[in-house]
Structures are given as C-alpha cells and as structure tokens.
Amino acid sequence: MTDDDNLFLAPIADRLAALPSVLAVTLGGSRAQSTHTPDSDWDLAVYYRGGFDPAELRAVGWEGEVSEIGGWGGGVFNGGAWLTIDGRHVDVHYRDLDVVEHELAEARQGRFHWEPLMFHLAGIPSYLVVAELAVNQVLRGTLPRPEYPQALRDAAPPMWRERAALTLRYAKGAYVRRGQAAEVAGALAVAAMQTGHAVLAGRGEWVTNEKRLLQQAGLRGIDAIVAGLRPEPEALTRAITEAERLFERAHATTPEH
C-alpha cells in the first residue's frame, strides 16, 4: 500500500479495534491480495468474542448503513456495514470468533456446510471464514493463519461437483425442452461457479468470493457458451453438453494429492 493508503487505513483500524468486544481487525478483499484497482472498495472485518453491538459502530459517526447482527442473512456471514470514510467506500464485516474457530475446527476434519448469500450465485461454503483467515491481512490483534486442510481438499470437491451435475440435470429436464434460454443461462452460470469451487478446493486454493473464481479455475470459456444460447431445445442441449466438457477439462487440471 502507498503511504497515503496507510495514513487512511491506520486510524480506521485503530477505531474499529477500540470497539467493545473486538479483538482483531483485518483487511480483506482485493486490497489484501494486491489485485485491487484504484477505485476498489476497502474490505475490513472486526473479529469479536462474546457479542458485538452494531450500535457501537454506528455511534462512531461514519456515513453509511450499519446492519444488525444477522442482517445479511445470518450464518457465518453475519452482517456488517457499508460506509463512506473520507470519500472512500469501506465495508466492515462482522466475524464472531466462536463461529470462526468452530468452522476452522470443522474444516480441519473435512466438514463444512453450504449457505445461501446475496450476490453469490453458488452460495458460500462455511469454510469461507477460514479462507479469510488464510488470506486477509491482520491489522490489529492476532489471528490464526491456517493452511488448507488435506481433509477439506478431499471432501469439498465431490460435494461441489455433485451440485454442478444436479444443477445441469435439472436444467435439462425442466428448461431445455421448453426452449427457456434465460433459465438455462442461469443454470450454466451457477454450475460454473460450483465447478470453480470444486476445482480450487481440489488444488487447495482458498476462495473468499466469486469475483475471480471462474478465471482462477480456468472456466472463463463459459462466457462463449452462454453468449451463444438460443431459445431452441437443440441449441440449449448443445450448450449444456459443451459446459459439461468444459467442466471436465477444468477438473482434469486438478493435481492428484
């Protein structure tokens, strides 16, 4: 980060770390992974234990919207704030350390669950909060930085592959014969994301969102398939077959472990 970025970030991290129950603050998203652009948002997370009151964050006085706990659907991704600070967009995510530590222990045993999450086509695995520990930058406090568990590399790919296969199977049975191109397009996009999760889990690569998932997994070829859709059963059948071949090629690149 530039000196200007550090001058911007340091007082925000200090203020967040001073909130009651907060034990650590991290920088995530593209800025943590040096893939950001000048206009990228700032993604921060507050790790708390024993309860966190969003009213304390609201009282800081930053412009924006502060959700309640569970305001973003509940589950492991349990809320946060969309703020504007000194003209820059800053997202703050709530992370309950008891939940995070539980999901870390589960991931080490190859166990996880799936959750829906707004704006994520394939939803998210509960190990997303473990991935954040692995890739985010700790600004204040201390947090574990886990390696990708071998048990998770074994367990996650079959689950995601099955979801992708079921998604396409349903599209074949429910949409193709009716010539419903929009529904098939949606199914192809979802199945591609599910396949992306399978491929990267097989490689032991952490995923924190879907923004670059297809690129990382070698699945950008789905764009041309979707672009060529026509509301005709034969064309839709051909598109699904092409997608299945694309997915198999991506799986074939996953090394044995």
Side-chain angles (χ1 to χ4, degrees), residues 1-101 103 115-121 123-124 126-145 206-213 215:
M1 290 188 293
T2 66
D3 290 342
D4 180 62
D5 288 339
N6 285 319
L7 288 173
F8 167 73
L9 191 57
I12 297 173
D14 288 339
R15 191 67 187 86
L16 292 173
L19 295 174
S21 302
V22 172
L23 300 181
V25 178
T26 65
L27 173 68
S30 60
R31 291 186 180 275
Q33 300 176 58
S34 299
T35 58
H36 62 283
T37 62
D39 59 349
S40 293
D41 293 348
W42 294 78
D43 293 304
L44 302 176
V46 290
Y47 287 78
Y48 62 88
R49 195 184 301 279
F52 174 75
D53 186 356
E56 299 285 352
L57 176 57
R58 202 172 288 119
V60 174
W62 288 318
E63 177 187 352
E65 178 183 340
V66 178
S67 83
E68 296 304 319
I69 298 294
W72 291 357
V76 298
F77 210 96
N78 68 336
W82 292 312
L83 307 171
T84 301
I85 303 175
D86 294 340
R88 306 190 193 190
H89 295 294
V90 178
D91 296 340
V92 178
H93 299 162
Y94 308 152
R95 292 291 179 264
D96 185 329
L97 272 168
D98 290 339
V99 171
V100 171
E101 289 170 355
E103 296 304 337
E115 295 181 359
L117 182 63
M118 187 72 78
F119 314 127
H120 288 66
L121 295 177
I124 61 169
S126 54
Y127 57 79
L128 178 143
V129 294
V130 183
E132 291 175 336
L133 291 178
V135 303
N136 289 0
Q137 296 180 21
V138 179
L139 303 177
R140 301 292 183 271
T142 58
L143 291 168
R145 186 167 294 274
W206 292 112
V207 177
T208 58
N209 59 56
E210 294 181 340
K211 293 178 181 178
R212 294 179 176 83
L213 178 56
Q215 185 71 31

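Checked against the 6.0 Å centroid criterion, the rings of F8 and W42 qualify as a close aromatic pair. Between W82 and W72, the ring center distance clears the sub-6.0 Å criterion.
A heavy-atom distance below 4.5 Å is not found between the side chains of H120 and K211. Side-chain atoms of V46 and V92, non-hydrogen and from C-beta on, do get closer than 4.5 Å to each other. No side-chain heavy atom of N78 sits less than 4.5 Å from a side-chain heavy atom of F52. Counting heavy atoms from C-beta on, the side chains of V130 and V100 never come closer than 4.5 Å. Looking only at side-chain heavy atoms (C-beta outward), E103 and V76 come within less than 4.5 Å of each other. For the pair D98/R49, a side-chain contact is recorded, criterion being any heavy-atom separation below 4.5 Å from C-beta on.
Cation-pi contact between R95 and Y48: absent, since separation from the ring centre below 6.0 Å together with deviation from the ring axis within 45° is not met.
Summarising the geometry of D41 relative to H89, their closest heavy-atom pair is OD1-CB, 3.3 Å, with the distance given to 0.1 Å. Shortest non-hydrogen contact noted between V22 and V25 is CG1-CG2, 4.1 Å. Nearest approach of S67 to G79, heavy atoms of both residues: OG-CA, 3.6 Å. Shortest non-hydrogen contact noted between N136 and G28 is OD1-CA, 3.3 Å.
Residue Y47 holds its OH atom at 12.0 Å from CG of L23, rounded to the nearest 0.5 Å. With rounding to the nearest 0.5 Å, the separation of CG in L19 from CG in D14 is 11.0 Å. Taking CG from L44 and CZ from R140, the interatomic distance works out to 10.5 Å, rounded to the nearest 0.5 Å. In this structure, L83 CG and R88 CZ are separated by 14.5 Å, a value rounded to the nearest 0.5 Å. For the atom pair CG of L97 and CG of L143, the computed distance is 6.5 Å after rounding to the nearest 0.5 Å. F77 contributes atom CZ, which lies 12.5 Å from atom CE of M118 (distance to the nearest 0.5 angstrom).
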Legend entry - Candidate pair V60 and R15, rule side chain to side chain contact (heavy atoms under 4.5 Å, CB included), full reasoning: CA-CA 8 Å; V60 174; R15 191 67 187 86; 3.9 Å; yes
Legend entry - Derivation and outcome, side-chain hydrogen bond (donor to acceptor under 3.5 Å, both in side chains), residues E63 and T84: CA-CA 5 Å; E63 177 187 352; T84 301; 4.8 Å; no
Inset, instruction - Given side chain to side chain contact (heavy atoms under 4.5 Å, CB included), test L57 with L16 step by step and report yes or no. - result: CA-CA 8 Å; L57 176 57; L16 292 173; 3.8 Å; yes
Legend entry - Criterion side chain to side chain contact (heavy atoms under 4.5 Å, CB included) on V207 and L128, from CA distance to verdict: CA-CA 7 Å; V207 177; L128 178 143; over 6 Å; no
Inset, instruction - Go through the steps to decide whether E210 and L121 satisfy the test side chain to side chain contact (heavy atoms under 4.5 Å, CB included), and finish with yes or no. - result: CA-CA 8 Å; E210 294 181 340; L121 295 177; 3.6 Å; yes
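Looking at D53 and R58, no side-chain N of the basic residue comes within less than 4.0 Å of a carboxylate O on the acidic one, giving no salt bridge.
A donor-acceptor pair shorter than 3.5 Å cannot be found between the side chains of E132 and T208.
Each of V90, N209, D91 was compared with D43 under the side chain to side chain contact (heavy atoms under 4.5 Å, CB included) criterion, and only D91 meets it.
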